[in-house]
Amino acid sequence: MRWSQATLVFYAGLFILAVAQSPEIFADRAEAWGLGRAIPFGTSTATRLLVETTGAGLAVLDFDGDGRNDLLFLAGVRSSDSQPQAPLLYRNLGGGRFSEVAGQAGLTAQGWAQAVCHGDIDNDGDADLVLTHYGVSRIYRNDGGRFRDVTAALGLPASGHSWGAGCALLDYDRDGRLDLFLSRYVNLTPEASPAPGSRPECLWKDVPVACGPRGLPMATNSLYRQTALGQFEDVSAKAGILKPGGRYGLGVAAADFNNDGWPDLYVACDQTPSLLYQNTGQGAFLERGVEAGVAFDSNGRAQAGMGVAVADFDGNGTLDIAKTNFSGDLPSLYLNEDGQFFHDAAASAGLGKHLLLGWGIASYDHDEDGRPDLILANGHVYPEVDRAGLGESYRQPTLVYRNLGNAKFADLSGLLGNALSSPKASRGLALGDLDGDHRPEIVITNLNATPTVLRRTGARRNLLKLSLRGSRSNRSAFGARVTVISAKLSQVQELASGGSYFSQHETALYFGLGASRVADRVEIRWPNGARETWRNLDASRPHHLIEGAAPR
């Protein structure tokens, strides 16, 4: 049933009124749970280097296999301090208690960290890590809760200098082994960085700021295939990754956009056309971002893309793309028409009210009604705007848009409590259940400040939590397509690595069921193409679904 615009507006008004009369819906638990250490990254007053503006991401993962999700925050260098900081890894002790254990867990790499993605690279049951850096990106093998740097041992560059940005683990050739895709931002060394204000690319509205990326050399992305011996070989050229040439690549998402069973790649690019690498199923990719309609905005203009969220926002069974962009621009909402072509519906969808500078972004079923909502973390790149009198702020609020159906959204941002709307210089965003209630919290990194850990309070409906494990497919089950059918509602999600901005969510999938307490049918297309069905799954408890173990 397609609702009229007037009907949608009426029901949106009723929902907003109900929310406004309810108590605060989000509470920040960071301090109470022992997550109150500030994340150093550049300075909050002025920037000299472009890398100070990008910030870093985070991950929600169970690194020690105890059944509780832990937190990893990447960090950089505080400009007033010559000592760079290693990541912060918080072990979840249960009962709302976390302990920082990065050093004893073997995570000691320092410098300008950027993105993190995690997955079971060696199929041994532990979550391994990929950390990208402004410098050398690294792979850490998880040996039962302690990490070991295996970058060189696996055949990846362990020295030199490149700006590793976003990352995603995926089995692009469906051989049961995870491969690695890295986006690259700028080919630049610190000593070659121009001074703020030294040329046109180093000014923003006549204010001297960190230079770039315009005017700086563009970088090319990389794809590494994991061999049968567990090594990684660079297949960027022969797989077609280098063919589009240089870009300023940032956020990455891996998903099967054309429903052919093979994972594709989308890269949000800054001030250059974004990229859609379509997997041919023959060991290569065809870049068709412009042709598919996801390279530019609706007016054919290149945007400053940052983060990426993938979901079926309009309920037509194909995966859509939401993308955060620079200040003064609305986020992108590319609706997937038929698996081959998209159109940007951001304006008509109601996403143009706040033209903030967006970073982390995720689909998140706030009201558990089975329609994916949107949450966006924001913050300006230039601290200088606070004293420039330009009508913009360095610290900006987080936004939530409720999905009304029919590709329309209602802005709830100012109605969900101060914990959400308090302005921050935010970057990474990830979702995951941290308190064991089988519902995800929202975790956001804030530059030179305490992270935000948003726990939802108030009335809830029914939420189905599914954890997947591959057997013949890669053990992480990245690339699995899940369809949940409950009552008259059908939902589609895909399990993937990467996404958001430089961050990775918990690998469980969540499906809102509304008033239904049971999912009538759960269908999984595993990464290797095999299909299985589970029936009558109760939403009151989480479910662990293993490839080859469906009831017959």
Practice problem: Answer yes or no: is there a side-chain heavy-atom contact under 4.5 Å between I121 and F232? | Solution: yes
Exercise. Show your reasoning for whether side chain to side chain donor-acceptor pair (under 3.5 Å) applies to N221 and Y277.
Key: CA-CA 11 Å; N221 303 317; Y277 293 106; 3.3 Å; yes
Quiz item: Does R460 come within less than 4.0 Å of D437, counting only side-chain N to carboxylate O?
Solution: yes
Quiz item: Under 3.5 Å, is there a donor-acceptor pair between the side chain of N92 and the main chain of L434?
Solution: yes
Self-check item: From CA spacing to verdict: side chain to side chain contact (heavy atoms under 4.5 Å, CB included), F257, D320
Solution: CA-CA 8 Å; F257 293 109; D320 311 307; over 6 Å; no
Quiz item: Nearest heavy-atom pair of G119 and L169: which atoms, and what distance?
Solution: N-CD1, 3.6 Å
Practice problem: Before giving the answer on side chain to side chain donor-acceptor pair (under 3.5 Å), spell out for T318 and N316 the whole-Å C-alpha distance, their side-chain angles and the decisive distance to 0.1 Å. | Solution: CA-CA 6 Å; T318 58; N316 72 345; 2.8 Å; yes
Practice problem: Please step through side chain to side chain donor-acceptor pair (under 3.5 Å) for the pair N69 and E441, ending with a clear verdict. | Solution: CA-CA 11 Å; N69 279 320; E441 275 67 55; over 6 Å; no
Quiz item: Is R439 salt-bridged to E368, going by a charged N under 4.0 Å from an acidic O?
Solution: yes
Quiz prompt | Side-chain heavy atoms of L88 within contact of Q85, under 4.5 Å | solution = yes
Practice problem: Could you walk me through whether N474 and R174 pass side chain to side chain donor-acceptor pair (under 3.5 Å), step by step? | Solution: CA-CA 8 Å; N474 69 86; R174 302 200 329 188; over 6 Å; no
Quiz item: Is there a donor-acceptor pair closer than 3.5 Å between any side-chain N or O of S503 and the backbone N or O of L58?
Solution: yes
Quiz item: Tell me, do D120 and D122 make a side-chain contact under 4.5 Å, heavy atoms counted?
Solution: yes
Exercise. Would you kindly check if the NZ (Lys) or CZ (Arg) of R427 is within the cone defined by 45 degrees around the ring axis of W359 and under 6.0 Å from the six-membered ring centre?
Key: yes
Quiz item: Would S540 and R517 count as having a side-chain donor-acceptor pair, cut-off 3.5 Å?
Solution: no
Quiz item: Any idea which heavy atoms bring A322 and L333 closest together, and the distance?
Solution: CB-CD1, 4.3 Å
Quiz item: Would you say the ring centroid of H366 lies under 6.0 angstrom from that of Y401?
Solution: no
Quiz item: Where is the tightest heavy-atom contact between A105 and L89, given as atom of each residue plus distance?
Solution: CB-CD2, 3.7 Å
Exercise. Check whether the side chains of E233 and T227 place a donor and an acceptor atom closer than 3.5 Å, and report yes or no.
Key: no
Quiz item: Do L129 and L72 come within less than 4.5 Å of each other through their side chains, counting heavy atoms only?
Solution: yes
Exercise. Calculate, to the nearest 0.5 Å, the distance between atoms OG and CD1 belonging to S490 and I485 respectively.
Key: 4.5 Å
Quiz item: Does the side chain of L429 reach to within under 4.5 Å of the side chain of V443, using non-hydrogen atoms?
Solution: no
Practice problem: Please report the C-alpha distance between L170 and L178 in whole Å, then the side-chain angles of each, then the deciding distance to 0.1 Å, and finally whether the side chain to side chain contact (heavy atoms under 4.5 Å, CB included) criterion is met. | Solution: CA-CA 5 Å; L170 72 160; L178 290 177; 5.7 Å; no
Self-check item: Heavy-atom closest pair, residues V308 and A253
Solution: CG1-CB, 3.7 Å
Practice problem: Please report the closest heavy-atom contact between F478 and Q504, naming both atoms and the distance. | Solution: CZ-NE2, 3.8 Å
Quiz prompt | Lys/Arg-Asp/Glu bridge criterion (N-O < 4.0 Å) met for R91, D66 | solution = no
Quiz prompt | Carboxylate-amine/guanidinium contact D62 R68, below 4.0 Å | solution = no
Exercise. Kindly indicate whether the side chain of P273, heavy atoms from C-beta on, has any atom under 4.5 Å from the side chain of R247.
Key: yes
Self-check item: Sidechain-backbone polar pair: N462 side chain, L513 backbone, donor-acceptor under 3.5 Å
Solution: no
Practice problem: Mind telling me whether F73 and Y90 have parallel, tilted or perpendicular rings, with 30° and 60° as the class edges? | Solution: perpendicular
Quiz item: Just checking, any donor-acceptor pair under 3.5 angstrom between side chains of N259 and R481?
Solution: yes
Exercise. Output yes when R141 and D128 qualify as a salt bridge under the 4.0 Å nitrogen-oxygen rule, no when they do not.
Key: no
Quiz item: Under a 4.0 Å N-O cut-off, is there an ion pair linking E523 with R521?
Solution: yes
Practice problem: Would you check, one step at a time, whether the test salt bridge (Lys or Arg N to Asp or Glu O under 4.0 Å) holds for R461 with D367? | Solution: CA-CA 7 Å; R461 303 173 83 180; D367 51 0; 5.2 Å; no
Quiz item: Looking at side-chain heavy atoms only, is the closest gap between L466 and L537 below 4.5 Å?
Solution: yes
Quiz item: Taking R371 for the side chain and N403 for the main chain, is one N or O donor matched with an acceptor at less than 3.5 Å?
Solution: yes
Quiz item: Can any side-chain N or O of H118 pair as donor or acceptor with the backbone N or O of S497 at less than 3.5 Å?
Solution: no
Exercise. Hey, could you give me the CG/CZ distance between N406 and F313, rounded to the nearest 0.5 Å?
Key: 15.5 Å
Practice problem: Start with the C-alpha distance between H133 and Q114, add both sets of side-chain angles, then the distance that settles side chain to side chain contact (heavy atoms under 4.5 Å, CB included), and finish with yes or no. | Solution: CA-CA 5 Å; H133 278 78; Q114 296 287 272; 5.7 Å; no
Quiz item: Checking side chain to side chain contact (heavy atoms under 4.5 Å, CB included) for the pair H543/S467: CA distance, chi angles, key distance, verdict?
Solution: CA-CA 6 Å; H543 298 270; S467 298; over 6 Å; no
Quiz item: Does the pair D179 and R225 meet the rule for a salt bridge (Lys or Arg N to Asp or Glu O under 4.0 Å), with working shown?
Solution: CA-CA 5 Å; D179 312 301; R225 177 182 177 271; 5.3 Å; no
Quiz item: Distance from C117 atom SG to L131 atom CG, nearest 0.5 Å?
Solution: 8.5 Å
Quiz item: Are side-chain N/O atoms of Q278 and D260 paired as donor and acceptor at under 3.5 Å?
Solution: no
Quiz item: Would you find a donor on one side and an acceptor on the other, under 3.5 Å apart, between the side chain of S486 and the backbone of V518?
Solution: yes
Quiz prompt | Carboxylate-amine/guanidinium contact K465 E506, below 4.0 Å | solution = yes
Self-check item: Under 3.5 Å donor-acceptor, E547 side chain and R472 backbone
Solution: yes
Practice problem: Using modelled atom types only, decide if a donor and an acceptor are shared between the side chain of N336 and the backbone of L319 within a distance under 3.5 Å. | Solution: yes
Quiz item: Are any non-hydrogen side-chain atoms of Y185 and Y134 less than 4.5 angstrom apart?
Solution: no
Self-check item: Y172 ring center near F285 ring center (under 6.0 Å)
Solution: yes
Quiz item: So, N123 side chain and R475 main chain: donor-acceptor pair closer than 3.5 Å or not?
Solution: yes
Quiz item: Is there a salt bridge (Lys or Arg N to Asp or Glu O under 4.0 Å) between D256 and R525 once you walk through the steps?
Solution: CA-CA 11 Å; D256 179 9; R525 186 193 69 196; 2.9 Å; yes
Exercise. Answer yes or no: is there a donor N or O on one side and an acceptor on the other, between the side chain of T445 and the main chain of G57, under 3.5 Å?
Key: no
Quiz item: Quick one: do the N446 and T452 side chains pair a donor with an acceptor below 3.5 Å?
Solution: yes
Exercise. For residues S274 and V294, report the shortest heavy-atom separation together with the two atoms involved.
Key: CB-O, 3.7 Å
Quiz item: So, are R402 and D373 salt-bridged, with charged N and O less than 4.0 Å apart?
Solution: no
